[in-house]
Protein chains: 2
Amino acid sequence: MGSDLLVTLDAVIVAVTDTRPRVLTVADVPPALPSGPLDAEGDETLELGMRRVIDEQTGVEVGYVEQLYTFGDRDRIRAPGGPRVLSIAYLALVREASTAAGAGWVDWYAMLPWEDHREGIPGILTDVVVPRLTDWAAGDPGRQARVAVCFGVGAPWDPIRALERYELLYESDLVAEALRGRGDDAGLPTGVEMAFDHRRICATALGRLRGKLTYRPVVFELMPDEFTLSELQGTVEALIGLRLHKQNFRRLVEREHLVEGTGRYAPSTGGRPAELYRFRRSVVGERPRPGMRLPPFRG
Amino acid sequence: MGSDLLVTLDAVIVAVTDTRPRVLTVADVPPALPSGPLDAEGDETLELGMRRVIDEQTGVEVGYVEQLYTFGDRDRIRAPGGPRVLSIAYLALVREASTAAGAGWVDWYAMLPWEDHREGIPGILTDVVVPRLTDWAAGDPGRQARVAVCFGVGAPWDPIRALERYELLYESDLVAEALRGRGDDAGLPTGVEMAFDHRRICATALGRLRGKLTYRPVVFELMPDEFTLSELQGTVEALIGLRLHKQNFRRLVEREHLVEGTGRYAPSTGGRPAELYRFRRSVVGERPRPGMRLPPFRG
DNA sequence: GTTCCTTTTGCTCGAACTGAGCATTACTTA
DNA sequence: TAAGTAATGCTCAGTTCGAGCAAAAGGAAC
């Protein structure tokens, strides 16, 4: 038939190395996500197709793969005369952050700097984003309400609303992508731009992963076989962009029986040696929604 | 170019009338979901395209619309020589269950009878599903664990795992769809068959909606402007397939400020008259994750 | 009009969970 | 040997949760 339509499979491949969440990209000028066309005859399922594309483009071996969202706005990719592009985006988690040829890991928060609250509220938020959004919303109660919920102005900060936040910034012309084709290159300080709508896809992935953390033990897809509880906590904190209370975190994972001690200890890093733990795979067969119970949704 | 690929938009349109959840279908022989091809030139966004298809096929006016999942297994739709079909499925919620010409509402639980636990554990589960699954899993610890978690055998029943349950039944040949093309029409008592993989899509939608209920006030998309708390509770119970403690449900919605009283009362139905409430739209701008906090995940 | 029935609404109580901080342990380094 | 550091252990008050008793407000039966 030949409708003018191209279907691609795009991947947000995530690793956390040393408490820093990273995403795998394939080009540097504006970084882009690994992406390739679906092979309508060859790919038996979409997920297998996605794995093929990931393998072809990055050579990275991914474990967990989950469909994220399908992006298909008519004008999301501007190519004069080209076909409409439909992208089925996937979230993939990998344990190691080894780099493949032509592909490189970039810090997730380089693209979404307002999302990392581990060191307190980031300056970009208080100094740039919130003031400009406040101007943008002036006189419009609807906009004001959205700014308030999304950016926690007088309301709690909700890590999960990453996509809503990106969309608000896009709508208010506060991210570079929104200014494309307008010759209005304002040099915005709101994080690194990505190709096409790939930054939106990254924001979608971040929100989804943060949510999933609370009811499925996906963190362990990012951990090595054995780890200390501090390392586990560091990974969770890296993803949700918040600091957690150490003792309570420990209490949580122990109560939920998510991990078991190995009796061995990690090479000491200055203090009392930490015991090494491993993930108890069997929890998924015991408790209904094992997860990390995200925390201070109050502030 | 002309790759042999067809992209359709499929909708699971849900209404709850009188504590019975229903899905809109368009054909009766095997019931099918409303579905139509994406108009690559005309549809500006996928959601708008979905709304167009819904309008064309059913005439029903939907409010809330949310993308569900994209289904694209190579052989999910068997049409010799036809193109591969990719379906982007949406979940839509409507307030009224008015029927349009050629379209009809069917009870959601007619298709997924094991999902309704409001009157206790359904007979189909204890009499048919669990015994057969137990046989199917005999000697395979992996299968046994899956059966246990999904169907709450010695583990709690988790309403959200609707899709996993359907997939397990499919894999173990306990739903009619799994037997297609095998001439093995066993007359399975496991609910009504649907066209293509539409029953899987329905299961996906049910699980997603059940989850969403817990952190977003989507129930109100199914309610009239004014309702009693019992009606609200009845709708929630219909969706999650479980009974709730009436006083605690009331306490919850009041504490979360999800509703406000109107001061007027519903026509009495035998007991003390119930006050009419309405949804407080402003909650979404106040609390981070307003929702219904699903209940007895313990049993 | 009184009594019974039904449903809504109000309240209480113990168990469990949360957030937060103090205290102790077991190493390394000066 | 003392000081520093991080892991681990424990406590405590405030909150939420599950469950049930009790009162309130109508209709129907007599």
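Small disclaimer: the values here were computed from a predicted structure and weren't measured. Reminder, nothing fancy here: chain letters follow the sequence lines and each chain counts from 1.
Following rounding to the nearest Å, B:H245 (NE2) and D:dT16 (P) show an atom-to-atom distance of 17 Å. Atom CG of A:L252 and atom P of C:dA20 are 15 Å apart (whole Å). Atom CG in B:N248 sits about 18 Å away from atom P in D:dT15, given to the nearest Å. In this structure, B:L242 atom CG and D:dG18 atom C1' are separated by 15 Å, rounded to whole Å. For the pair B:Q233 CD and C:dT8 P, the interatomic distance rounds to 9 Å; values are reported in whole Å. Counting to the nearest Å, the C1' atom of D:dA25 and the OH atom of B:Y265 are 10 Å from each other. Between A:E254 atom CD and D:dG9 atom P there is a gap of 7 Å when expressed in whole angstrom units. Rounding to whole angstrom units, CG of residue B:L276 and P of C:dT8 are separated by 12 Å.
Checked against D:dA19, D:dA7, C:dC22, the side chain of A:A274 finds its nearest nucleotide in D:dA7. Among the nucleotides D:dG20, D:dA25, D:dC17, the one closest to any side-chain atom of B:R251 is D:dC17. Checked against D:dG20, C:dG21, D:dT8, the side chain of A:K246 finds its nearest nucleotide in D:dT8. Of the candidate nucleotides C:dT9, D:dA19, C:dA20, C:dT9 has the atom lying nearest to any side-chain atom of B:R250. Counting only heavy atoms from C-beta on, A:Q247 has its side chain closest to D:dG9 among D:dG9, D:dA19, C:dA26.
Other residues, nucleotides and ligands place more than 12 heavy atoms under 6.0 Å from the CZ atom of B:R118.
Using a distance-only test at 3.5 Å, with no hydrogens or angles considered, no donor-acceptor pair links the side chain of A:R22 to the main chain of A:V16.
B:T228 comes within 4.0 angstrom of nothing in the nucleic acid, heavy atoms only. Note on A:E275: only backbone sugar-phosphate atoms sit closer than 4.0 angstrom, heavy atoms only; bases stay farther off.
With sequence neighbours excluded, no residue forms a salt bridge (Lys or Arg N to Asp or Glu O under 4.0 Å) with A:E254.
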Evaluate the criterion side chain to side chain donor-acceptor pair (under 3.5 Å) for residue pair A:E66 and A:Y64; output intermediate values, then yes/no. CA-CA 7 Å; A:E66 165 192 338; A:Y64 181 87; 2.5 Å; yes
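Classification of the B:F227-B:F220 ring pair by plane angle, with boundaries at 30° and 60°, yields tilted.
Dashed line: the shortest gap from a side-chain N or O of B:S230 to OP1 or OP2 of C:dT8 is under 4.0 Å. At D:dC17, one or more side-chain N or O atoms of B:R255 fall inside 4.0 Å of OP1 or OP2 (strictly under the cut-off). Here B:R272 does not reach the OP1 or OP2 of D:dA24: none of its side-chain N or O atoms lies under 4.0 Å away.
Heavy-atom distances to DNA chain C give each of B:P273 and A:G270 a nearest nucleotide, and the one nearer the 5′ end belongs to B:P273.
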